[in-house]
Amino acid sequence: MGKPYDQLIEKLSRCRANDADWKNARTWSLVYNAGDDVTKLLKEAYTMYLSENALNPMAFPSLKKFETEVVAMTADLFHGVEAVGNMTSGGTESILLAVKTARDRARAMGKGNAGMEILLPLSAHPAFMKAAHYFDLTPVHIPLRDDFRADVDAARKLINDKTALMVGSAPNFPYGVVDPIADLSAIAMERGIPFHVDACVGGFILPFLKELGHDIPDFDFKLPGVTSISADLHKYGYAAKGASVVIYRNKEIRKRQFYAWADWPGGIYASPTMTGSRGGGAIAAAWAVMNYLGREGYLRITRATMETAKELMEGIKAISGLHILGRPDMTLIAFGSDKFNIFMVGDFLEGRGWQLDRIQRPPALHLVVTVSHAKILGQFLKDLAEGAAKIAATGAAQPTGMAAMYGMIGTIPDRAAAHNFILDFLGDIYEHKE
Ligand SMILES: *Cc1c(COP(=O)(O)O)cnc(C)c1O
C-alpha cells in the first residue's frame, strides 16, 4: 500500500533530525554552503531539470548548451586554449575517466595492460587507487617530502616505460598543499607520458586566490606537460551535488574518454562519460550558479573563505599542544598534537555536534573551511581549546569510540586484515534495519 503524500513529506523532514547540521556550519567537509541565495537558486534550477536526461544531447539541447558552457568557463579559468571536457557526477568519475583515457592511450601505444603503471603521490585521492583497481593498472606511489608535497626526485626515479599516467594534486585533500606540478609535469612530458592534475577541491578556488594576490604556483594548462584536469563544481564551485568537470588539453586526447558501440541491436550507442543516464538537475544547477556568481562572486567568496581559514589557523596555533601539518596553500587544514591523542579531541568535538574528518598519517583532524564557517569560528575554537585541555589533562586514558577504532585500524600490522575489517564494517553499515 502506498502512503499519503503529506505523511511522506513529513517523514522525510523528520528523518533529518540526526543528520550532520550543515545549515549551522557544524560540518567541516561534505557540504560547501555559499549562502541561502545560492541554495535557493540551486534548488530552483535543479528541480526545473529534474526529469531531463543528458544521455542524449540531441533530445535536450538545453543541457548540452549548459554542459558545454560550464566546460568552456572552466577551460578559460585553467588557461586551456584548445581544452575540451565534460561534466561528470563528481570528482571520482572525473578521475576514473582521466585514468581510463590515459590507459587506453598507453594500450594503443602497445604498452601491455597487465604491466601498466600509474604514478601518483601517496597523498593523492583514493579515487586514483579505485581507478587503478577498476582498470587493472599497478599503482606506484611517489613518497612525500617533509612539507607533504610529492618528492620530485623520487618521481623521476620511479617513472619508466610502463608508466601510463602521472598524477599531481592541486592541492591534495589530506594536507591542503599543492604538489610541485610544474616539475612533475615537466618530467612526464620529457618521457611522453600524460599528466593529470587533480584540482577537484582546488579548481574553483586556487585561480581566484591567485587573482587576489596569493602566492599560488601554476598548476593548469599554462604548464605544457599538463594533459588533463579534474575540478569539482560541487565543492568550491558551490553547485548541487553530482557536478564535476574533467577537462583535457585538446580534443584528440579526450577522444579515448568516450565509449561507443556501433553494432548494438538496440541502436547506435554513444556515451561521453561512465554513467549512462545523466540527470539534468546537477548540470542545470551548476550552470546557474556559475553564471549567478560570476568571477566577482567567486572572488568575493574566496577572499572571505581564505580570511576565515587564516583566522582558524591562528586560533589553532594559539592552543597549547596543537600544531598545523605543513603550510596549507588554501583552505584545507590538518592539525595534530605531539602531546595527546588528537582523535580523542575529535571525539570530544563530535560530542559537541561538530562533524569533522580524521587524517591517519600522522594522526590529525581535518577541516575544509567554507565561507559559512565565519559565523561559528569563535564557538569552534572555544570547543577545540576546551577539548584539547580536557584530553591533555586525562593523560594516558584509553581511547574509546572513533578514536579507538582509528587507532586500532591504523596500527594493525596485517594491512590485508585491516582492509578486510573495513569492508566488513561497510557491509554492516548498509545492513537494512527497521
Ligand atoms: C573530493 C575530492 C576527490 C573526489 O571527489 P568526489 O566528488 O568525492 O568523488 C578527488 N580529489 C580530491 C583532491 C578531492 O578533494
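As the structure lists them, so they are numbered: ligands from 1, and atoms in each ligand from 1. For this chain, numbers begin at 1 and follow the sequence in order. All values below come from the heavy atoms of this structure, side chains included, with hydrogens, waters and symmetry mates left out.
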From CA spacing to verdict: salt bridge (Lys or Arg N to Asp or Glu O under 4.0 Å), K310, E307:
CA-CA 5 Å; K310 283 250 156 77; E307 271 167 23; over 6 Å; no

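Looking at E93 next to ligand 1, no N or O pair under 3.5 Å apart turns up. At under 3.5 Å, a nitrogen or oxygen of G91, whether backbone or side chain, sits near a nitrogen or oxygen of ligand 1. Considering backbone and side-chain atoms alike, D198 places an N or O below 3.5 Å from some N or O of ligand 1. Ligand 1 has no nitrogen or oxygen under 3.5 angstrom from a nitrogen or oxygen of N172.
A perpendicular orientation is assigned to the rings of Y236 and Y238, their planes being inclined by more than 60° (bins at 30° and 60°).
Proximity to T92 (heavy-atom distance under 4.0 Å) selects the following atoms of ligand 1: 4 (C), 5 (O), 6 (P), 9 (O).
Put simply, the residue from S89, S244, S228 that forms a side chain to side chain donor-acceptor pair (under 3.5 Å) with S94 is S244.
Under 4.0 Å is where a charged nitrogen must lie from a carboxylate oxygen, and between K210 and D218 at least one such pair does.
The protein heavy-atom contact nearest to atom 14 (C) of ligand 1 is K235 NZ, 2.9 Å.
At least one heavy atom of H234 sits less than 4.0 Å from an atom of ligand 1.
Closest of all the heavy-atom pairs between K241 and Y46 is O-CE1, 4.3 Å. The minimum heavy-atom distance linking M330 with V201 is given by the pair CE-O, 3.7 Å.
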